[in-house]
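Structure below; questions to follow.
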Amino acid sequence: MRRILVAIVLTPVASAEIVSVAGQVERVDAPPSVRRQAYESVLARVFLERADITIPQGQTINAVNSGVYDCYCDFEDEPLAESVVADTYFFHFDPPGTSQHFAQGEIEFSRPIVGVLGRSLTMHDTDATFGRPGTLYPTDRFNREFEFQNRGNYDYFEISSDRRRISFRVVCSTDVDQFRVILGSGCRADLNGDGAVDTQDVVGFLAAWSAGEPAADTTADGVIDSRDFAEALHVWSGGC
């Protein structure tokens with residue numbers, strides 16, 4: 001698979017949304033726990049974890065290209081070329097009891113998918129920063145990912161060519177099957193996310209920058225200073 005270099009998104013905009021779900025999956029509010037046997041259902045669940053968070057340059061993304069992921073060899077564990085402002089959504093399937101259950105479906109988003117964290121270790125390492133505050137995640141560093149040992153078995157997910165849909169097919173019994181989706185947050189120059197590039201974008205950014213809000217850290221270096229201001233103006237002046 002060829003490498004995708006993700007363009008930087010510098011400021012907060014309206015959160016990406018789920019347009020529709022189909023098949024054995026439902027959209028839910030963030031639950032208290034997604035640990036094994038804590039949130040069971042015959043349906044897979046998907047929920048918003050965080051909105052408009054900065055994901056730093058170098059963060060490992062397991063799946064960055066369109067296509068089917070049904071084998072460990074499909075994953076390239078690519079680092080982000082640049083930081084992004086994004087939303088994270090979490091997919092969770094934990095059927096009741098210990099018998100085998102099957103689920104298949106599709107989730108469509110209003111904005112493009114930057115990538116998927118589909119490996120147990122990568123999910124574990126990002127639960128604290130990308131996960132939903134107040135939701136308990138598995139403490140085991142393993143046994144969370146889809147079973148990809150044999151290409152063509154029941155477990156797979158697929159990122160559509162337009163990067164707005166993710167489909168899946170999974171069989172699960174005693175463990176959980178999960179992945180984390182990272183979504184881009186729209187036009188770089190639309191700083192306030194209202195669909196227009198105008199002076200209100202600058203006014204809104206100035207308010208966030210003056211207040212020292214994390215959203216104003218456009219350089220994603222952990223410091224809010226004049227460089228963030230200069231970068232925001234540069235992006236805004238370039239338009240969409």
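Residues: numbered from 1 along the sequence shown. The figures here come from the full heavy-atom set of this structure, side chains too, leaving out hydrogens, waters and symmetry mates.
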Once rounded to the nearest 0.5 Å, what's the spacing between atom CZ of Arg27 and atom OG of Ser20?
10.5 Å

What class does the angle between the rings of Tyr137 and Phe90 fall in, given that below 30° is parallel, 30 to 60° is tilted and above 60° is perpendicular?
perpendicular

Kindly determine whether Asn62 and Thr122 satisfy side chain to side chain donor-acceptor pair (under 3.5 Å), including the steps that lead there.
CA-CA 8 Å; Asn62 306 137; Thr122 315; 3.1 Å; yes

For the backbone of Pro31 and the side chain of Thr135, can you confirm whether one donor and one acceptor N or O come within less than 3.5 Å of each other?
yes

Side-chain heavy atoms under 4.5 angstrom apart, residues restricted to Ile, Leu, Val, Met, Phe, Trp, Tyr: same cluster for Val170 and Val21?
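Shared cluster, yes.
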
Expected output: side-chain Trp236 to main-chain Thr199 donor-acceptor under 3.5 Å:
no

Counting C-beta onward and ignoring hydrogens, is there a side-chain heavy-atom pair between His101 and Ser99 closer than 4.5 Å?
yes

What residues, two or more places apart in sequence or in another chain, satisfy ring-ring contact (aromatic ring centres under 6.0 Å, His included) together with Phe157?
Tyr69, Phe179

Would you say Phe146 ends up clustered with Tyr72 if hydrophobic residues are merged whenever their side chains have heavy atoms under 4.5 Å apart, either directly or through other cluster members?
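Yes, same cluster.
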
With a 4.0 Å cut-off on N to O distance, would you call Arg144 and Asp127 a salt bridge?
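Yes, this pair counts.
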
How far apart are the C-alpha atoms of Ser173 and Thr98, what are their side-chain angles, what is the distance that settles it, and do they pass the side-chain contact (heavy atoms from CB on, under 4.5 Å) test?
CA-CA 5 Å; Ser173 55; Thr98 58; 5.8 Å; no

State, yes or no, whether a side-chain contact exists between Cys172 and Asp177 at a heavy-atom distance under 4.5 Å.
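The answer is yes, as the side chains (C-beta and beyond) meet within the 4.5 Å cut-off.
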
Can a donor-acceptor pair be found, under 3.5 Å and without considering hydrogens, that links the side chain of Arg163 to the backbone of Ile113?
yes

Would a single hydrophobic cluster contain both Ile166 and Val176, if residues Ile, Leu, Val, Met, Phe, Trp and Tyr are joined by side-chain heavy-atom contacts under 4.5 Å?
no

Can you check side chain to side chain donor-acceptor pair (under 3.5 Å) on Glu147 and Tyr156, steps first, answer last?
CA-CA 8 Å; Glu147 283 67 57; Tyr156 82 87; over 6 Å; no

Within one Ile-Leu-Val-Met-Phe-Trp-Tyr cluster: Met123 and Leu121, side-chain cutoff 4.5 Å
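In one cluster with Met123: Leu121, no.
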
Does any non-hydrogen side-chain atom of Pro95 lie less than 4.5 Å from one of Val42?
no

A side-chain contact here means heavy atoms from C-beta on lying under 4.5 Å apart; do Gln59 and Thr126 qualify?
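SC-SC contact between Gln59 and Thr126 confirmed.
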
When clusters are formed by joining ILVMFWY residues with side-chain heavy atoms under 4.5 Å apart, either directly or through shared neighbours, do Leu43 and Tyr39 land in the same one?
no

Provide the closest heavy-atom pair for Phe148 versus Gly118 in the form atom of the first, atom of the second, distance.
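That closest heavy-atom pairing would be CE1-O, 4.2 Å.
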
Is the number of heavy atoms from other residues, nucleotides or ligands under 6.0 Å of Asp162 CG greater than 12?
yes

Run Leu80 and Gln57 through side-chain contact (heavy atoms from CB on, under 4.5 Å) and show every step you take.
CA-CA 5 Å; Leu80 283 179; Gln57 177 184 6; 5.6 Å; no

Minimum heavy-atom separation for Asp52 and Asp87, please, with both atom names.
N-OD1, 2.7 Å

Distance-minimising heavy-atom pair for Ile61 and Gly115
CG2-CA, 3.6 Å

Would you say Ile55 and Phe130 make side-chain contact, with heavy atoms under 4.5 Å?
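Heavy-atom side-chain distance check passes, below 4.5 Å.
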
So if I apply the side chain to side chain contact (heavy atoms under 4.5 Å, CB included) rule between Ile182 and each of Leu117, Val116, Val64, which one comes out positive?
Leu117

Check this for me: does any side-chain nitrogen of one of Arg141 and Asp125 sit under 4.0 Å from a carboxylate oxygen of the other?
yes

Please tell me whether Phe109 and Tyr89 form a close aromatic pair, meaning their ring centres lie under 6.0 Å apart.
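Yes, the ring of Phe109 comes within the 6.0 Å limit of the ring of Tyr89, centre to centre.
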
Is any side-chain heavy atom of Ile18 closer than 4.5 Å to one of Val46?
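A side-chain contact exists here, since the closest heavy-atom pair is under 4.5 Å.
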
Taking it one step at a time, do Phe229 and Phe205 satisfy side-chain contact (heavy atoms from CB on, under 4.5 Å)?
CA-CA 8 Å; Phe229 179 77; Phe205 174 78; 3.9 Å; yes

Report the residues that fulfil ring-ring contact (aromatic ring centres under 6.0 Å, His included) with Phe142, sequence neighbours left out, ordered by chain and then residue number.
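Partners of Phe142 under the ring-ring contact (aromatic ring centres under 6.0 Å, His included) test: none.
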
May I ask you to test the Gln178-Pro138 pair for a side-chain heavy-atom distance under 4.5 Å?
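Yes, at least one pair of side-chain atoms sits under 4.5 Å.
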
Ala103 to Phe93 - nearest heavy-atom pair and separation:
CB-CZ, 3.8 Å

Quiz item: cation-pi between Arg119 and Phe75, 6.0 Å / 45°
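Judged by the rule (NZ or CZ under 6.0 Å from the ring centre, within 45° of its axis), Arg119 counts as positioned above Phe75.
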
Is Glu108 salt-bridged to Arg164, going by a charged N under 4.0 Å from an acidic O?
no

Can you check side-chain contact (heavy atoms from CB on, under 4.5 Å) on Arg36 and Asp175, steps first, answer last?
CA-CA 6 Å; Arg36 187 169 68 89; Asp175 287 319; 3.8 Å; yes

Rounded at 0.5 Å granularity, tell me how far CD in Glu106 sits from CD in Gln104.
10.0 Å

Between Ser237 (side chain) and His234 (backbone), is there a donor-acceptor pair under 3.5 Å?
yes

Considering all heavy atoms of both residues, which atom of Ser66 and which atom of Ser160 are nearest to each other, and what is their separation?
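Smallest interatomic distance, heavy atoms only, reads OG-O, 2.9 Å.
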
Set of side chain to side chain contact (heavy atoms under 4.5 Å, CB included) partners for Arg50, sequence neighbours left out:
Ile53, Thr88, Pro133

Close side-chain approach of Asp70 to Asp155, heavy-atom, < 4.5 Å:
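Sidechains of Asp155 and Asp70: no contact.
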
Which distance, rounded to the nearest 0.5 Å, do you find between the CG of Asp94 and the CZ of Arg45?
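Going from CG on Asp94 over to CZ on Arg45, the span is 9.0 Å.
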
